[in-house]
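Side chains included, hydrogens not; waters and symmetry mates left out as well; all remaining heavy atoms used. First listed ligand is number 1; within each ligand, the first listed atom is number 1.
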Amino acid sequence: MNLELPELPFAKEALEPHMSANTLGIHHGKHHNAYVVKGNKLLADANISADSLEALVKETAKAGGALFNNVGQHYNHSFFWNSLSASGGGAPGGDIAAKIDEAFGSYDDFKSEFIAGGVGQFGSGWVWLVSDDGKLKIEKSANAETPLTAGMTPILVCDVWEHAYYLDFQNRRPDFLGSFLDNLVNWNFANKNLANA
Ligand SMILES: [Fe+2]
């Protein structure tokens, strides 16, 4: 199986001023692309077969190391692009709204917990909304790790590596996370993932 850099599901300028075309050009075109190129080099020498990217992530996670790091980062970034929308942000509609109230008490409580999760991830990593045995919760993961390998179903993710926000927010990770939720989060994608959880 070969990794393929997906097209961004929006124009590079579409998320401005919340996420700049410059950030997306480097993040998608340089960082994500490097994971794809390196991952494919390592996969060429590995004897691994998988019929989906999710299966490949789980398979490469067993040994860890550089192969998993690149495959995991390809999965995480592909999931992140889909977690963003030019018409996103704000409180959700659809089935996810009631599930969030049930799990966190209210949308504002969810928002506080999601931001705290992203801020609390020391160093590089990710903050996720996941479904775990039918219940929504916040998970954080370091580097290329993903809750997929722990049997959870990812619903949404925000990248908290510095490369995701430094050009637009400098060191202000809490502001980046707040802006992600207020302006960019793609609840349609979340509802689709919830339906398949
Ligand atoms: Fe990233």
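Residue His32 does not count as close to the Fe ion (ligand 1), with no N, O or S atom under 2.8 Å.
A salt bridge is absent between Glu113 and Lys111: the closest approach of a Lys/Arg side-chain nitrogen to an acidic carboxylate oxygen does not fall below 4.0 angstrom.
When the Fe ion (ligand 1) is compared with the N/O/S atoms of His163, atom NE2 turns out nearest. In Asp159, the N, O or S atom that comes nearest to the Fe ion (ligand 1) is OD2. Restricting His77 to its N, O or S atoms, the one at the least distance from the Fe ion (ligand 1) is NE2.
Aromatic ring centres of His163 and His77: separated by under 6.0 Å.
No option in Asn193, Val157, Ile96 other than Ile96 meets the side-chain contact (heavy atoms from CB on, under 4.5 Å) test with Leu129.
Between Leu67 and Ile48, some side-chain heavy-atom pair lies under the 4.5 Å cut-off.
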